[in-house]
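Just below is one structure, and these are the notes that go with it.
These numbers were taken from a predicted model, which means no experiment stands behind them.
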Amino acid sequence: MNRLVLLALIGCVMVACLRAGEAEGDARMRTETTRLLARLDLDGPGLAKVKAATNEPERAAGELLAYFRTRTSVKHPVDRLDRARMKGACASEKDAKDAADALQHRFISQSSYPAHFCGDDIDWMKSPVPDKEWIWQLHRMYFWDSMGRMYWHTGDEKYAREGCLQFADWVRKNPHDAPHAEAWRSIEAGLRGCTWTELFQRFLDSPSFTPEVLVLFLDCIEEHGRFLRATYSEKSNWGLIEAQGLAFTAMTFPEFKDAEGWRKEAIRRLVREIDNQVYADGHQRELSLDYHIGCISWFLRAHELAALNGKRQEFPANYLKKLERMPEAVMKLSHPDGTQTQFGDGWAGGPGKTFSS
């Protein structure tokens, strides 16, 4: 066969494959968008253009992105209006290092271990060590938090672009209905239910946050809401993390049909657990100051978010009074130099130490 003819045939095959791939991607996008639209209350304020485009999924996704970029009805601790003011004052040196590693697919997971390269085509189930905490905590994606802060800190689009690519990759490789127990423990899902709302605030205005990324994000965060609603680790700090994630999902995205029920259930659990877990002297039942400090945060964040969005009254009046006893317990049990008494699964810490799981 003539070499030029052969090259032409190869070119035709490549073009056909490319077009087939694009058609498959378009079909998948239409399916994902249609599924998402069915989970939203499109009769809500500001969503008329989205509803009018339900028979044209691609246009509906574009209208939905425009809606969220102009929405002012929902408040979040990370305020998108602060972005310009936070430039140069948003990220730490650790954020810079962790984000730089993450750009190269070198991820920090469990902090006892160094960053690990997870492949050009990321293997989200790869663990370099036998310690299960590494693979579990990989799915908390703290490195995405660093990338979000670095995006605001520098304004460099590379952080948002790579963050969105990694997010889409994770969602498609770790569906909730697949047997990926490492990715879908309830503690990780609860943490993501909270931290992903911050990522949404930081990346929403990026050109890399396309309608396709929005659909993937909302579809997955809605699955987090349904999963956390069905999961309740009573009398455990896990239960607080689950409830916090459920509360942040519900209050950040009241457009979901089930959001009101999620919000009320999350608040019900937090109110119940502050009675279940906090003794009269203010100490959390695990008697470990590290987890005690974490519990203060998990009890408080959802209350603060509710207050921002006019829902403070859904918490009983004595909720904060019970919560106020918890910092008192820390002060009474800390040493004069600010280090902490080591009870149970705890560390000495240091002055002004805070806990994050």
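- The residues Glu162 and Lys158 are annotated as not salt-bridged, no charged nitrogen and carboxylate oxygen being separated by less than 4.0 angstrom.
- Side-chain polar atoms of Glu286 and Ser288 form no donor-acceptor pair below 3.5 angstrom.
- Using a 4.0 Å cut-off between charged side-chain N and carboxylate O, Arg149 and Asp145 make no salt bridge.
- Note: Trp196 and Trp144 have tilted aromatic rings, judged against thresholds of 30 and 60 degrees for the angle between ring planes.
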Trace of the ring pair (Phe, Tyr, Trp, His ring centres under 6.0 Å) decision for Phe107 with Trp124: CA-CA 10 Å; Phe107 299 137; Trp124 296 103; 5.5 Å; yes

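- A salt bridge does not link Glu93 with Lys97: none of the charged nitrogens is closer than 4.0 Å to a carboxylate oxygen.
- Classified by interplanar angle (parallel below 30°, tilted 30° to 60°, perpendicular above 60°), the ring pair Phe68/Phe200 is perpendicular.
- A donor-acceptor contact under 3.5 angstrom links the side chains of Tyr151 and Glu157, judged on distance only.
- Here CG of Leu138 is found 13.5 Å from OH of Tyr113. Values are rounded to the nearest 0.5 Å.
- Taking the six-membered ring where the residue is Trp, His224 and Trp184 present tilted rings, their angle falling between 30° and 60°.
- A salt bridge links Asp205 and Arg80; the closest N-O separation between the charged side-chain nitrogens and carboxylate oxygens is under 4.0 Å.
- Heavy-atom contacts from other residues, nucleotides or ligands closer than 6.0 Å to NZ of Lys257 number more than 12.
- Classification of Glu222 and Arg226 as a salt-bridged pair holds, one side-chain N sitting under 4.0 Å from a carboxylate O.
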